[in-house]
Amino acid sequence: MRTAAMGSSPAPDLVVTQDDLGAVGHEAFLVHGQLRGKADIAGAGTGATARAAAECSTRNLALGPELSATLSTWDSQVKTVLQMYAHISNHLDFSKKAHADNDEAIAASLRHRDGSAMSVSEIQRYVK
């Protein structure tokens, strides 16, 4: 990578567009919804695993409490993954909006008083 000290600015390693942010955020949202709908979460106790654990416990089978413990661990891990996907989705939605707002502010600041756009050569005068 070349640096400014070498006489040129570094080439960007990562370029992300608003569409990219939106697409990744949307996919995280979709995965969150699918996982939430399909995972056997113990919260209500109505999932197949919770029912099986209860049935085994009712019949005094040692499998019941073990299955409940396994379900508790599974439940905790699924909820952690759901939180991660929600955080990714929310953060990327926020980032997309923040970048769009920044782009609008920059575009507005690069206009003449009459609202016409500044030419590239005019903008170049401010870049050193």
Side-chain angles (χ1 to χ4, degrees):
M1 178 186 286
R2 303 176 90 183
T3 64
M6 299 165 103
S8 67
S9 61
D13 318 44
L14 176 66
V15 176
V16 179
T17 66
Q18 290 178 24
D19 288 342
D20 294 333
L21 294 174
V24 173
H26 182 69
E27 285 299 316
F29 174 79
L30 292 176
V31 170
H32 178 275
Q34 290 171 354
L35 180 59
R36 186 171 185 78
K38 292 182 180 179
D40 190 6
I41 299 175
T46 59
T49 308
R51 289 193 315 271
E55 182 68 24
C56 289
S57 293
T58 300
R59 296 178 185 267
N60 295 321
L61 297 173
L63 179 62
E66 296 301 324
L67 197 51
S68 290
T70 302
L71 181 58
S72 177
T73 300
W74 167 255
D75 189 57
S76 173
Q77 291 175 348
V78 167
K79 286 178 180 175
T80 298
V81 172
L82 285 170
Q83 288 174 353
M84 291 178 356
Y85 274 107
H87 181 72
I88 290 167
S89 176
N90 291 340
H91 179 71
L92 291 176
D93 286 345
F94 172 81
S95 295
K96 180 180 176 183
K97 181 174 179 351
H99 287 295
D101 292 346
N102 289 342
D103 287 349
E104 287 178 25
I106 290 168
S109 70
L110 295 175
R111 296 198 176 275
H112 294 288
R113 289 181 202 181
D114 65 1
S116 63
M118 250 188 221
S119 68
V120 174
S121 59
E122 288 178 289
I123 296 170
Q124 285 291 79
R125 288 189 288 177
Y126 298 102
V127 179
K128 294 188 181 201

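- Within the structure, every pair that satisfies the salt bridge (charged side-chain N to carboxylate O under 4.0 Å, His left out) test and touches residues 52-62, not counting sequence neighbours, is listed here: Glu55-Arg59.
- Every residue was checked against the side chain to side chain donor-acceptor pair (under 3.5 Å) condition with Glu66, not counting sequence neighbours, and none meets it.
- Scored by the side chain to side chain donor-acceptor pair (under 3.5 Å) test, Asn60 finds no partners at all (sequence neighbours excluded).
- Side-chain contacts under 4.5 Å among hydrophobic residues (ILVMFWY), followed directly or transitively, place Leu63 with no other residue at all.
- Applying the salt bridge (Lys or Arg N to Asp or Glu O under 4.0 Å) test to Glu27 and every residue at least two apart in sequence or in another chain returns nothing.
- In this structure, Asn102 has no side chain to side chain donor-acceptor pair (under 3.5 Å) partners at least two apart in sequence or on a different chain.
- A search for side chain to side chain contact (heavy atoms under 4.5 Å, CB included) contacts involving Ala105 returns nothing, not counting sequence neighbours.
- Residues satisfying the side chain to side chain contact (heavy atoms under 4.5 Å, CB included) test with Ser116, not counting sequence neighbours, are His112, Asp114.
- To the nearest 0.5 Å, atoms NE2 (His26) and CG (Leu30) are separated by 4.0 Å.
- The shortest distance between side-chain heavy atoms of Gln77 and Val81 does not fall below 4.5 Å.
- Summarising the geometry, atom OH belonging to Tyr85 is positioned 10.0 Å from atom CD belonging to Gln34; distances are rounded to the nearest 0.5 Å.
- Considering all non-hydrogen atoms of both residues, His32 and Leu82 come closest at CD2-O, 3.1 Å.
- Every side chain to side chain contact (heavy atoms under 4.5 Å, CB included) that Phe29 has, sequence neighbours left out, goes to Ser89.
- Qualifying side chain to side chain contact (heavy atoms under 4.5 Å, CB included) partners for Thr70, counting only residues two or more places apart in sequence or in other chains: none.
- The minimum heavy-atom distance linking Val78 with Ala39 is given by the pair CG1-CB, 3.7 Å.
- The OG atom of Ser95 sits 10.5 Å away from the CG atom of Asn90 when rounded to the nearest 0.5 Å.
- The shortest heavy-atom contact between Leu92 and Gly25 is CD1-N, 3.6 Å.
- For the pair Ala53 and Leu67, the tightest heavy-atom approach, listed with the atom from each and the gap, is N-CD2, 3.7 Å.
- For Ser68, there are no side chain to side chain donor-acceptor pair (under 3.5 Å) partners at least two apart in sequence or on another chain.
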